[in-house]
Amino acid sequence: MEIHGQNVVTYKLKDLVNSLEDHSSETERERLMGRDGETVLISFAGNNKLDQLTSSIKRFEDLNLREDILTGVYEMKYSAPSKIQERALPLLLEDPPRNMIGQSQSGTGKTAAFVLTILQRVDPSLPVTQAICLAPTRELARQIIDVVGTMSKFTSITSTCVIKNFDFKEKISSHVVVGTPGSILYAIRSRHLDTRNIKVFVLDEADNMLEQNGLGDQSLRIKRAIVKNPQIILFSATYATRVEKFASQFAPDAVKLTLKKSELTVEGIKQFYMDCPSANSKYDALCNFYDLLTVSQSIIFCKANEIARRMTENGHTVVSLHGGMCSEERDLIMDGFRYGEFKVLITTNVLSRGIDILQVSLVINYDMPELPEGGVDVEAYLHRVGRTGRFGRTGVSLNFVHDKDSWDKMNFVEKYFNRPIHRLSIDDLQETERIINTDAEDSEDEPVTETTEEGLLDDYPDDTTEVDAIHMRVADIPSLGLERFQNLQRLCLRQNFIIDVKGLEGLKELKELDLYDNKISRISGVNSLQTLESLDLSFNKIKHIKHIENLVNLKDLYFVSNKISKIENLDTLVNVTNLELGANRIREIQNLDHLVNLEQLWLGKNKITKLENLGALRNLRVLSIQSNRLTKLTGLEGLVNLEELYTSHNAIEKIEGLENNHKLTILDVASNKLTHIENLSHLKNLEDFWANGNQFGNECFAELERELGNIKTLQTVYLEGNPMQLENMATYRNKVRLSLPNIQRIDAT
Ligand SMILES: Nc1ncnc2c1ncn2[C@@H]1O[C@H](COP(=O)(O)OP(=O)(O)OP(=O)(O)O)[C@@H](O)[C@H]1O
């Protein structure tokens, strides 16, 4: 029988095994077939014969999927099946249906494999629930239901997500139900969910679902509540030996697609560690690391919420998500992170599995994952680092080790997966920056293989004034056919794969152009946009500011997180009021003299050593120069209208030269090297003084009183993280209260 011809759509398992008869050793056949002759084990690598046998489905079109489902696959912008889809889908779609225990590395497309199976098996004409999919967390369940929604968009298949806080008003009749085990079990027991017609039952992150006592029991109860024999599909990147047996019982006679231990790790993820002398220095190293580096999005895994609170107080913008939070809060944080609103997410193991956010390029294990009985949880480690490097992308993972226990755990991981974890120096952050950036640049140089989907903007009428194509895999602007929109005022193409800015010439009314988070390295094609008021080129790969001359209406210009080392060619943009150049490689403030209308200048996370050449900016109200290399506060004399000055995370030892900045309302000198305060008493409008994370000792109390005591507008003073003795705090508070009657909040704990 010819099995490995290109057109074979399904194969009978027996035939598959028989065809190996002549060519395989006895052990190979045993491995493939199992001693009972029932279970077929298909290895993914290392055997050409197997590769031939199992890789015949190269196109989604070859799967005999219903046309409306196939259109959904195109909607997902998948051009060809991934390895796991290629191999699992023909087996999953076979009739009669067979159970499957499937394994493939993180981020390789398991979701689509089981979602397509579900959709193909559902009969849309019957208004009853026909498939249940369980996931261990609400975040993952919500993510899966989104995939179901998109893939079934062109069908009449309906779906519902049943998770905590689900509004059980009436009976659930959707064809597909995705949810967490507790909520689904409740739905079944309270007769809201009828299980009599279930044909497919999926456990995503199956090992986790079967292992955890609570989840395992609930999953088993749900399975028992399903009257007919459904097709049972278990998928995960890991199956610890301890759950293998239970998995086989849960999904009897299953086809098994497994990986060898050596195949488990994701190729594209580079693993590093930082050796910290103590638990406290671990925290400092983390903060320094974030001051130095710019990553598109990152996840920090740690045991306690403490870190999130401390980082926030030290001026870092982070959000945290953990099991103790209410559902609404969790959803808000997750959605904000997914859509790029938040860049750093601190979490516990709750988000270690399944979460798929392509922009996550760094995963930090602040604490190594632990098993409940002690020892390192290698499966959790693999899932955590698998939040980056999704679907062939590259990523970086970084472990913080600080004592014997964390060392032992990391060494175990290194040996277990037999993959090197490289050292990053905690003292030489420049070297660290070089290593990480080299890595990031390597990944940036990957060719962009995306192509823009035809007719992507077909739904927009010709006279639309706004177009939003966020995260739509747009690769080139001309193929969008924008010339049709003569009234276009706002064009948002965030988070796409655009390299060249071209094809915008005809847009005579365009006021706002948003190209945030693309792959642009050169600016071109915007010079003609004379009506432009706002241009966002943040999170791209631009090295030089050029070709944006004479945009006389431009007010807001954003270049956050590019590779710019020099401020240049801005002379003609005389009406710009807001300029954001944070997270670049700028060493010197220069060439800003013509921007006389500038009101806000954001220069955080650069390499600036001196505040200079700002004299002409007499209209500047806000200046941010956080996370640079300043040692002194000088050079601000000309900024007579300055209201907000942010200088945290530098190395400032002295505040001087603020004599002319009478309008200052916010002065942020947090996380610097100040040992005392002087020259502040003339800041008669100051409302907020943030000086946490400095070197103020007890002797500063008198200075504080002298310098700040007569500022009647002062409302907030942050002094946390200074080496002041706690026993004096009460006295200090009393004193301050006496002399600063307007202070509402003093944080000096
Ligand atoms: N055939 C395909 N072509 C292009 N992209 C794909 C394809 N299949 C899946 N993807 C994308 O790859 C990413 C990872 O897929 P998915 O989340 O299903 O991975 P996974 O194997 O379930 O990972 P994990 O083990 O972490 O849960 C998703 O963004 C998904 O949309």
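Read the numbers this way: they start at 1 and go in the same order the structure lists the ligands and their atoms.
- Only the side chain of Gln85 comes within 4.0 Å of ligand 1, counting heavy atoms alone; its backbone N, CA, C and O stay farther away.
- Short contacts between ligand 1 and Arg387, defined as distances under 4.0 Å to a heavy atom of the residue, involve ligand atoms 26 (O).
- Polar contact check, Gln143 against ligand 1: no nitrogen or oxygen pair lies under 3.5 Å apart.
- Neither side chain, Glu211 nor Tyr239, offers a donor N or O lying under 3.5 Å from an acceptor on the other.
- With 3.5 Å as the limit, one finds no donor-acceptor pair spanning the side chains of Lys110 and Ser82.
- Contact annotation for Glu205 and ligand 1: only side-chain heavy atoms (C-beta onward) come within less than 4.0 Å of the ligand.
- Distances between N or O atoms of Leu358 and those of ligand 1 include no value under 3.5 Å.
- Looking only at atom types and distance, the side chain of Asn496 has no donor-acceptor partner in the side chain of Arg473 under 3.5 Å away.
- From the protein, the heavy atom lying nearest to atom 12 (O) of ligand 1 is Phe391 CD1, 3.1 Å.
- Among all non-hydrogen protein atoms, the one lying nearest atom 28 (C) of ligand 1 is Asp356 OD2, 3.0 Å.
- For a threshold of 3.5 Å applied to N or O pairs, the pair formed by Thr108 and ligand 1 contains at least one separation below that value.
- Heavy atoms of Ser82 come nearer than 4.0 angstrom to ligand 1 in at least one pair.
- Side-chain contact of Lys199 with Gln130: a donor-acceptor pair under 3.5 Å is present, judged by distance alone.
- In terms of polar-atom proximity, defined here as any N/O pair under 3.5 Å, Arg390 does make such a contact with ligand 1.
- Nearest protein heavy-atom neighbour of atom 23 (O) of ligand 1: Gly107 N, 2.7 Å.
- For atom 21 (O) of ligand 1, the closest non-hydrogen atom of the protein is Lys110 NZ, 2.9 Å.
- At least one donor-acceptor pair closer than 3.5 Å links the side chain of Asn540 to the backbone N or O of Asn518.
- Here atom 31 (O) of ligand 1 lies nearest to Tyr78 when heavy atoms of Phe114, Tyr78, Phe235 are compared.
- Here's the thing with Ala237: none of its N/O atoms is less than 3.5 angstrom from an N/O atom of ligand 1.
- Distances shorter than 4.0 angstrom do not occur between any heavy atom of Ser104 and any atom of ligand 1.
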Audit row: Arg494, Asp468, salt bridge (Lys or Arg N to Asp or Glu O under 4.0 Å) steps and yes/no: CA-CA 8 Å; Arg494 277 183 170 227; Asp468 261 312; over 6 Å; no

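- Between the side chains of Thr71 and Asp68, not a single donor N or O lies within less than 3.5 Å of an accepting N or O.
- In this structure, the protein non-hydrogen atom closest to atom 16 (P) of ligand 1 is Thr111 OG1, 3.5 Å.
- In this structure, Glu139 and Leu351 have side chains that are in contact, with non-hydrogen atoms separated by less than 4.5 Å.
- Asn165 and Glu328 are linked by a side-chain donor-acceptor pair at a separation below 3.5 angstrom, with hydrogens and angles left out of the test.
- For the ligand labelled ligand 1, residue Arg353 lies outside the 4.0 Å heavy-atom shell.
- Geometrically, ligand 1 and His383 share no nitrogen or oxygen pair separated by less than 3.5 Å.
- Only the backbone of Ala80 comes within 4.0 Å of ligand 1, counting heavy atoms alone; no side-chain atom from C-beta on gets that close.
- A distance below 6.0 Å separates the ring centres of Tyr516 and Phe539.
- Looking at ligand 1, you won't find any N or O of Met76 less than 3.5 Å from one of its N or O atoms.
- At a cut-off of 3.5 Å, with distance as the only test, a side-chain donor of His383 or Thr238 sits close to an acceptor on the other residue.
- A donor-acceptor contact closer than 3.5 angstrom is absent between the side chains of Ser352 and Tyr381.
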